[in-house]
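Below: one structure, written as structure tokens.
Letters A, B, ... mirror the listed sequences (proteins, then strands); counts begin at 1.
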There are 2 protein chains.
Amino acid sequence: MHTQWIQQLTALWHSTIPIAAQMGIRATDFDGDTLTTEADFAANQNLHGTMFAGSIYSHATLTGWGRVWLALQAQGLAGDIVLAEGQIHYRKPVTEAPQCRCTAQAVDLSALREGRNARVSLTVTLGQAARFEGRFVVLPVVPSEP
Amino acid sequence: MHTQWIQQLTALWHSTIPIAAQMGIRATDFDGDTLTTEADFAANQNLHGTMFAGSIYSHATLTGWGRVWLALQAQGLAGDIVLAEGQIHYRKPVTEAPQCRCTAQAVDLSALREGRNARVSLTVTLGQAARFEGRFVVLPVVPSEP
């Protein structure tokens with residue numbers, strides 16, 4: 001199931017977010033708690049030959065977004081995931097193909113079950129190089145008119 | 001002079017940051033205090049058909065980076081500009097071609113003149129939709145060995 005989900009997640013990113021496809025972002029592993037993602041290095045360089053700060057942020061935020069999406073799948077729920085706020089600290093330059101990790105042992109989506117917005121705060125790390133904290137909101141999907 | 005600088009800034013982004021070229025980010029105006037930049041909308045969409053949160057952040061951070069670069073040009077200095085920390089609040093979805101603005105009436109680069117790192121905090125807005133605060137560091141350029 002996890003393997004199928006990470007394939008679906010990668011396909012979803014590539015088909016709906018052109019910049020994510022350009023960055024080569026892909027989900028590579030999910031063990032039930034931790035989502036691991038990768039991106040291309042060459043596509044995401046800056047003028048110093050290291051990873052562009054904007055790409056590091058995008059990689060991290062999609063990893064957090066993906067962890068929430070996996071929680072929706074695991075709990076059999078539907079919702080629109082949006083980012084409300086992001087903060088990132090850059091500790092050292094990224095000089096090789098980046099890998100991000102986001103661990104969450106439990107994602108509380110009980111508000112969503114009751115038709116309300118669920119708020120999820122997550123931390124994503126890119127090795128020792130960067131640490132991202134994001135506040136995501138999951139909105140109930142409003143049924144379309146028939 | 002300002003017109004030449006914004007052309008150089010756009011060319012610098014496109015030639016050294018592949019993702020910035022993909023995003024269609026360009027400097028469009030500088031009046032001595034305020035740098036205005038634009039990006040393509042279609043290239044930066046997400047699965048909701050609005051602007052990808054990562055692209056909003058990348059657009060904002062390059063605008064702040066550009067304002068520091070313009071301060072270097074105006075003060076006749078050289079330095080490597082890196083982002084140490086970024087924070088962004090998303091207030092509403094971006095549904096049309098985005099425009100970012102960064103205003104700084106004075107950028108204190110006195111530390112750089114003395115061979116030390118200069119620290120510059122800047123705010124960038126994307127209309128009413130997003131507000132970014134970045135802490136940049138400008139490092140003295142170390143001369144290459146002959």
Side-chain angles (χ1 to χ4, degrees), chain A residues 9 11-25 39-65 69 79-94 130-137 139 141, chain B residues 9 11-25 39-65 69 79-94 130-137 139 141:
Chain A
L9 180 56
L12 180 63
W13 284 337
H14 287 205
S15 64
T16 61
I17 309 175
I19 290 294
Q22 292 290 343
M23 293 179 59
I25 292 184
D40 294 339
F41 180 62
N44 292 295
Q45 288 193 43
N46 61 17
L47 77 171
H48 304 295
T50 60
M51 193 171 173
F52 169 43
S55 287
I56 293 174
Y57 177 94
S58 294
H59 188 178
T61 193
L62 282 175
T63 304
W65 190 97
W69 185 87
D80 287 334
I81 310 161
V82 298
L83 183 63
E85 186 179 341
Q87 183 163 17
I88 190 164
H89 293 256
Y90 300 97
R91 290 169 171 164
K92 56 183 189 179
V94 177
R131 179 184 179 87
F132 164 86
E133 293 177 13
R135 289 200 305 113
F136 294 88
V137 181
L139 300 90
V141 176
Chain B
L9 181 56
L12 181 62
W13 283 337
H14 287 207
S15 64
T16 61
I17 308 175
I19 289 294
Q22 293 291 344
M23 292 180 59
I25 293 184
D40 295 340
F41 180 61
N44 292 294
Q45 288 193 43
N46 61 16
L47 77 170
H48 304 295
T50 60
M51 193 171 172
F52 169 44
S55 288
I56 293 174
Y57 177 95
S58 293
H59 187 179
T61 192
L62 282 176
T63 305
W65 190 98
W69 185 88
D80 286 335
I81 310 160
V82 299
L83 183 63
E85 186 179 342
Q87 182 164 17
I88 190 164
H89 294 257
Y90 301 97
R91 290 171 171 162
K92 56 183 189 179
V94 177
R131 181 184 177 89
F132 165 86
E133 293 177 13
R135 288 201 307 111
F136 295 87
V137 181
L139 300 90
V141 176

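Nearest heavy-atom pair across B/A43 and A/P18 is O-CB, 3.7 Å. The two residues A/S55 and B/I19 have their closest heavy-atom pair at OG-CG1, 3.7 Å. Nearest approach of B/N46 to A/I17, heavy atoms of both residues: CA-CG1, 3.9 Å. In plain terms, the two heavy atoms of A/I81 and B/H48 that are nearest each other are O-NE2, 3.5 Å.
With a 4.5 angstrom heavy-atom cutoff, B/A60 does not touch chain A via any of its atoms. Only the side chain of A/W65 comes within less than 4.5 Å of a heavy atom of chain B; its backbone N, CA, C and O stay farther away. With a 4.5 angstrom heavy-atom cutoff, A/L62 touches chain B only via side-chain atoms. In this structure, no portion of A/I25 lies under 4.5 Å from any heavy atom of chain B. Contacts between A/A130 and chain B at a heavy-atom distance below 4.5 Å are absent for every atom of the residue.
Atom-to-atom distance recorded for B/E133:CD and A/Q87:CD is 9.5 Å, nearest 0.5 angstrom. Here CD1 of B/I88 is found 11.5 Å from CD1 of A/I88. Values are rounded to the nearest 0.5 Å.
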message: Evaluate A/Y57 against B/L83 for side-chain contact (heavy atoms from CB on, under 4.5 Å), listing each step before the verdict.
response: CA-CA 11 Å; A/Y57 177 94; B/L83 183 63; over 6 Å; no
